[in-house]
Protein chains: 2
Amino acid sequence: VIRLDNVTKAYQAGTAPALASVTMSVANGEVAAIMGPSGSGKSTLLNLIAGLDRPTSGTVTVAGQRIDSLGEGALARFRARHVGIIFQFFNLLDDLTVEDNVLLPAQLAGASRRGARARAGELLARLGIDKHRDHYPARLSGGQRQRVAIARALVNSPELLLADEPTGALDTATGQEIGRLLSELNAAGQTLVLVTHDPALAARYAARTVRLVDGQVADPRTAGVG
Amino acid sequence: VIRLDNVTKAYQAGTAPALASVTMSVANGEVAAIMGPSGSGKSTLLNLIAGLDRPTSGTVTVAGQRIDSLGEGALARFRARHVGIIFQFFNLLDDLTVEDNVLLPAQLAGASRRGARARAGELLARLGIDKHRDHYPARLSGGQRQRVAIARALVNSPELLLADEPTGALDTATGQEIGRLLSELNAAGQTLVLVTHDPALAARYAARTVRLVDGQVADPRTAGVG
Ligand SMILES: Nc1ncnc2c1ncn2[C@@H]1O[C@H](COP(=O)(O)OP(=O)(O)OP(=O)(O)O)[C@@H](O)[C@H]1O
Ligand SMILES: Nc1ncnc2c1ncn2[C@@H]1O[C@H](COP(=O)(O)OP(=O)(O)OP(=O)(O)O)[C@@H](O)[C@H]1O
Ligand SMILES: [Mg+2]
Ligand SMILES: [Mg+2]
């Protein structure tokens, strides 16, 4: 369902590219972990898969669509309907309550407000932060904010979840709870690309691990179906 | 060198306090780890020790000074000279280069610019990010930004280092490098309060671990010299 062909991303001409000739794919319903040293290109890879950025060269195909060549409007609609994203730094809106942050993708996808509110409530309760529903992000702890970001990514029950270090700010026990939640969603059919620094999380939940080093896939045999 | 006596912090009257009657101390030259579930009060505790916030009741004493009752100016001077802080979300200034971000505490402490620049250069090199010296934080990866925050906290060689999850955004290998660096500084006399979700980091480098649960010290025997 995801395919990158010879993808290179150089943020500035003349500097070392953040990703260099990456070819890889992820099958429908798979959990693929992406690991690698700090600065190796993991967040960049997720941004390209989500269509939040464009490759310098090469093609990115998601669910049959050439993500790298869609226009902004089409990309936004595509993401709203099919993709949930947990950002490395959460990207919450400070002027919206926790609940309204979580509801944002549902609004963008034109979902029924009542159904979305029920779904948001379930997720917040499952993540142990429903008592913060009407609070603003500024008064939440780091791990509480991360859980708001997780709830927001899941509110539309997207087919594809892109998670950039979803347990980075969490204690071991809460992190394991997140792992279980992600695993249930995958069992129900969701495809998951999981960027993580936690080898235990990858080992436990991922069908395979792709290692990035200096913007390249370290071992082409892990890159998935050719 | 740090002592909290019966410290309570309630962000809003009538809500459950973030910290409740916490009594604990840290000896000069010690490494004390603070662990606990998300939302248990760890960042709040560090903010009170740093004087970035005031307790609702109780006293906070650092290096002989009643931190909870100093004025803003005295607090800023005290921190600039004696305390290095690694924030959970880094708190880098987007309009300053990496190098200028790192130099900020040295400027505030009135240190010689030449000495400070040499020190900053050493730290950036040790942390593997000196090639980003003239870049702005927005174009750095998560773990690169965290390393800038670490360098900034250390530029004045402070006697007391408060670290809020200093390896949260880092891969295992880089995280171990940070652990070694902190351990060397402690061997040279620096006191370290280390908030971390990583049990391996705490086990390896901390003389003792204080567990917070719902704003309270879980086991008073870990609270340090009475
Ligand atoms: N907007 C940008 N402009 C220029 N360079 C960038 C930009 N964003 C990232 N980079 C560079 O691209 C490289 C890869 O960054 P990326 O954020 O993908 O790394 P990462 O693997 O996610 O790292 P981490 O584990 O630290 O989060 C880094 O060297 C970084 O400095
Ligand atoms: N500015 C604030 N106003 C109101 N409540 C706050 C504020 N900051 C934190 N809190 C609350 O205080 C409690 C403790 O927060 P704190 O940030 O100290 O937790 P923490 O242990 O650092 O958590 P984490 O591991 O998730 O970073 C949380 O329940 C949080 O919601
Ligand atoms: Mg990243
Ligand atoms: Mg915290």
Side-chain angles (χ1 to χ4, degrees), chain A residues 11-12 15-16 18 34-47 87-90 92 127-129 131-132 135-148 150 164-165 167-178 195-202 211-213 215, chain B residues 11-12 15-16 18 34-47 87-90 92 127-129 131-132 135-148 150 164-165 167-178 195-202 211-213 215:
Chain A
Y11 285 104
Q12 287 184 334
T15 58
I34 314 282
M35 297 188 70
S38 170
S40 56
K42 305 178 298 296
S43 297
T44 300
L45 180 67
L46 282 196
N47 283 342
F87 292 96
Q88 187 168 10
F89 295 115
F90 319 155
L92 301 181
L127 292 164
I129 51 169
K131 68 184 200 275
H132 294 290
H135 298 162
Y136 289 87
R139 58 178 274 200
L140 264 55
S141 78
Q144 289 164 345
R145 290 180 208 177
Q146 185 156 50
R147 285 177 275 167
V148 177
I150 293 170
D164 202 342
E165 316 228 16
T167 59
L170 295 169
D171 55 281
T172 321
T174 313
Q176 283 175 355
E177 179 55 32
I178 301 306
V195 169
T196 183
H197 282 312
D198 182 354
L201 198 74
R211 253 191 105 68
L212 280 186
V213 180
Chain B
Y11 285 105
Q12 285 185 334
T15 59
I34 314 282
M35 298 190 69
S38 171
S40 55
K42 306 180 296 298
S43 296
T44 300
L45 180 67
L46 282 197
N47 283 342
F87 293 95
Q88 188 167 8
F89 295 114
F90 321 153
L92 301 182
L127 293 165
I129 50 169
K131 68 183 198 274
H132 294 290
H135 298 163
Y136 290 86
R139 58 177 274 196
L140 263 56
S141 78
Q144 289 164 346
R145 289 179 208 178
Q146 185 156 51
R147 283 177 277 168
V148 176
I150 292 169
D164 201 344
E165 317 228 16
T167 59
L170 296 169
D171 55 281
T172 321
T174 313
Q176 284 173 355
E177 179 56 32
I178 301 306
V195 168
T196 183
H197 281 312
D198 183 355
L201 198 72
R211 255 195 101 68
L212 280 186
V213 180

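Computed over heavy atoms, backbone and side chain alike; hydrogens, waters and symmetry mates excluded. Just so it is clear: chains get the letters A, B, ... in the order the sequence lines come, proteins before strands, and each one is counted from 1. Quick caveat: nothing in here was measured; it's all calculated off a predicted structure.
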Whether the side chain of A:H197 engages the backbone of B:T172 through a donor-acceptor N/O pair (distance < 3.5 Å, no angle test) should be reported. no
Between the side chain of B:D171 and the main-chain N/O of A:S38, is any donor-acceptor distance below 3.5 Å? yes
[X] versus chain B, the contacting section by heavy-atom distance below 4.5 Å:
X      : value
A:Y11  : neither
A:Q144 : both
A:Q12  : side chain

I'd like to verify something: which residue of B:G168, B:G41, B:G143, B:G142 has the highest number of heavy-atom pairs under 4.5 Å with chain A? B:G142
Contacting moiety of B:F90, where chain A heavy atoms sit under 4.5 Å: side chain
Best-contacting candidate, A:A169, A:S43, A:G128, against chain B by heavy atom pairs under 4.5 angstrom: A:A169
Out of curiosity, A:T15 OG1 to B:H135 NE2, how far, rounded to the nearest 0.5 Å? 8.0 Å
